[in-house]
There are 2 protein chains.
Amino acid sequence: MSQKKATTAKRSTYRHGDLARALLDAGIDLARAGGPQAVTLREATRRAGVVPNAAYRHYASRDALLQAVRSAALAALAVAIEGQLARLPATDDPAVLARASLRAVGTGYVKFACAEPGLFRTAFSVPDQLQGAAVPEKAGNTGLNPFQLLGAALDRFVDAGLLPRQRRLGAEYLAWSAVHGLSMLIIDGPLRGLGSNQRKLVLQNLLDMVERGLSEPARSLPNQAPASAENLPPDPGRGTV
Amino acid sequence: MSQKKATTAKRSTYRHGDLARALLDAGIDLARAGGPQAVTLREATRRAGVVPNAAYRHYASRDALLQAVRSAALAALAVAIEGQLARLPATDDPAVLARASLRAVGTGYVKFACAEPGLFRTAFSVPDQLQGAAVPEKAGNTGLNPFQLLGAALDRFVDAGLLPRQRRLGAEYLAWSAVHGLSMLIIDGPLRGLGSNQRKLVLQNLLDMVERGLSEPARSLPNQAPASAENLPPDPGRGTV
DNA sequence: CTTATATGTGTACGCCATCCACAAGCACGA
DNA sequence: TCGTGCTTGTGGATGGCGTACACATATAAG
């Protein structure tokens with residue numbers, strides 16, 4: 001009767017069952033509570049009821065474990081966004097749908113950052129070697145990572161004729177930057193400690209402005225050349241290597 | 001003939017001269033090269049030619065030293081922005097000046113992030129206790145921190161009538177978020193390794209969109225209530241406590 | 001049943017932050 | 001002038017961390 005407790009508790013068997021998973025779970029808990037810095041090999045193994053070195057049979061280094069936690073955190077973010085997308089009101093108007101989608105992505109993003117700052121920080125923490133995959137191929141229930149979810153929302157803008165196709169990639173940068181930057185401002189920066197009502201206000205306001213940013217340049221912009229060149233370079237969000 | 005070498009080298013005097021400054025300098029160098037993680041008490045004291053514990057006479061903890069480095073990094077960012085603002089073309093048109101100011105701030109911001117990723121990361125790294133001052137009172141040559149410089153640019157928008165006054169604070173969030181988010185995308189995220197020409201394109205495009213975001217809502221937005229409420233909460237950038 | 005392989009253990013090293021007691025320089029009053 | 005005491009640097013120690021190496025044990029393969 002070999003018990004197979006994957007997580008926690010001092011097992012009596014020499015073999016653990018699924019130490020890799022147990023370590024990952026412990027790492028996720030640590031990241032939730034204390035961000036990437038708190039994810040430590042020794043503490044994770046301690047929680048798994050195992051000696052520190054055992055971890056090296058499953059992860060090449062502390063950073064390898066942390067990378068796994070990063071991926072999990074990113075997946076959790078994707079799930080949060082998907083959850084927000086799921087409650088979109090049914091509509092036939094593609095323009096309404098597009099706007100609602102973008103707002104859902106932004107709302108899910110910021111909500112997650114506020115609800116799980118440790119995981120959020122971990123998801124975007126810098127790996128020891130900057131080489132590894134920047135973004136995992138798939139994540140979340142739909143198999144899309146957060147950037148792909150945002151991209152899908154912008155595709156709806158294009159389809160609805162609200163966004164010129166050649167401006168799509170730049171729009172993705174704007175939307176991502178704005179929402180990500182706002183999240184950071186709220187959890188670390190000067191907007192820390194905002195009430196959730198105030199957060200909602202700020203977020204709605206930001207999303208309004210992003211939408212305006214996506215729209216056609218109003219003819220009330222007399223200055224400068226007719227918008228800088230639009231041949232924007234690489235496509236993000238498809239992972240690396 | 002007591003020599004007063006503030007930095008580096010093994011002094012022959014028992015007293016150091018200005019160890020606090022030497023440690024700070026060493027810490028800045030470390031942050032430049034390796035980000036906040038590389039700022040270590042032992043290495044800093046080693047470079048100052050002093051025993052590790054000597055640091056505690058000047059900084060209460062490693063995080064205290066790091067906090068000093070953070071402030072210095074933020075000041076360096078402010079200086080970079082000011083440098084960009086200094087080369088604004090002379091003009092009488094307040095609208096042109098406002099737009100140019102915003103672009104200068106954004107450009108200086110992103111340029112600094114690209115040129116000094118270690119310092120940039122350090123400037124926005126999370127302190128051990130989130131309590132301390134989020135943003136120092138003053139920094140840079142003009143005594144303004146980066147957020148105040150951005151605020152000044154937006155004030156010019158308001159003065160030029162390009163931005164409704166009640167939308168100013170929200171605009172600050174948008175602009176800051178967008179520029180900060182883009183910087184992170186470039187130095188850590190999926191836009192890493194972009195050539196400087198491509199970076200310029202992306203940045204210009206982003207700034208175009210931000211400007212559009214600031215402008216009056218085009219009447220081509222049929223949906224939703226006439227923009228969410230505008231009573232946005234706290235004023236950032238004035239430090240904490 | 002033997003043997004190989006996968007997985008957990010033990011011991012050890014070096015790096016780190018930090019605490020304590022001590023010593024050396026300097027500053028200032030008797 | 002000579003202490004006396006404060007400031008600042010030193011020495012030694014503790015405990016946590018990542019990690020490398022040799023070893024033990026449980027399971028799988030023959």
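Residue numbers begin at 1 in each chain, while the letters A, B, ... track the order of the sequences.
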Of C/dT9, D/dG9, C/dT7, the nucleotide closest to the side chain of B/Ala54 is D/dG9

Identify the two heavy atoms, one from A/Gln148 and one from A/Gly143, that lie closest to each other, and give their separation to 0.1 Å. OE1-O, 4.1 Å

Can we call the ring centroids of A/Phe147 and A/His180 under 6.0 Å apart? no

Measure the distance from CD on B/Gln37 to C1' on C/dA17 and round it to the nearest whole Å. 15 Å

Donor on one side chain, acceptor on other, B/Thr107 and B/Gln84, under 3.5 Å: no

Audit row: B/Asp155, B/Arg168, salt bridge (charged side-chain N to carboxylate O under 4.0 Å, His left out) steps and yes/no: CA-CA 8 Å; B/Asp155 284 338; B/Arg168 214 220 70 144; 2.5 Å; yes

Closest non-hydrogen atom pair, A/Val39 against A/Gly27: CG2-O, 3.6 Å

Any B/His16 side-chain nitrogen or oxygen under 4.0 Å from OP1 or OP2 of C/dG25: no

Can you give one letter per nucleotide of nucleotides 14-23 of chain D, going 5' to 3': B for a protein heavy atom under 4.0 Å from the base, S for sugar-phosphate only, - for none? ---BBBBB-B

Ignoring backbone atoms, test whether B/His58 places a side-chain nitrogen or oxygen under 4.0 Å from the OP1 or OP2 oxygen of D/dT7. no

Taking B/Arg192 for its side chain and B/Asp188 for its backbone only, find out whether a donor-acceptor pair lies under 3.5 Å. yes

d(CG, B/Leu30; C1', C/dC16) in whole Å: 14 Å

Whole-Å distance, B/Tyr59 OH to D/dG9 P, equals 12 Å

Just how far, in rounded Å, is P of C/dC26 from CG of B/Leu19? 15 Å

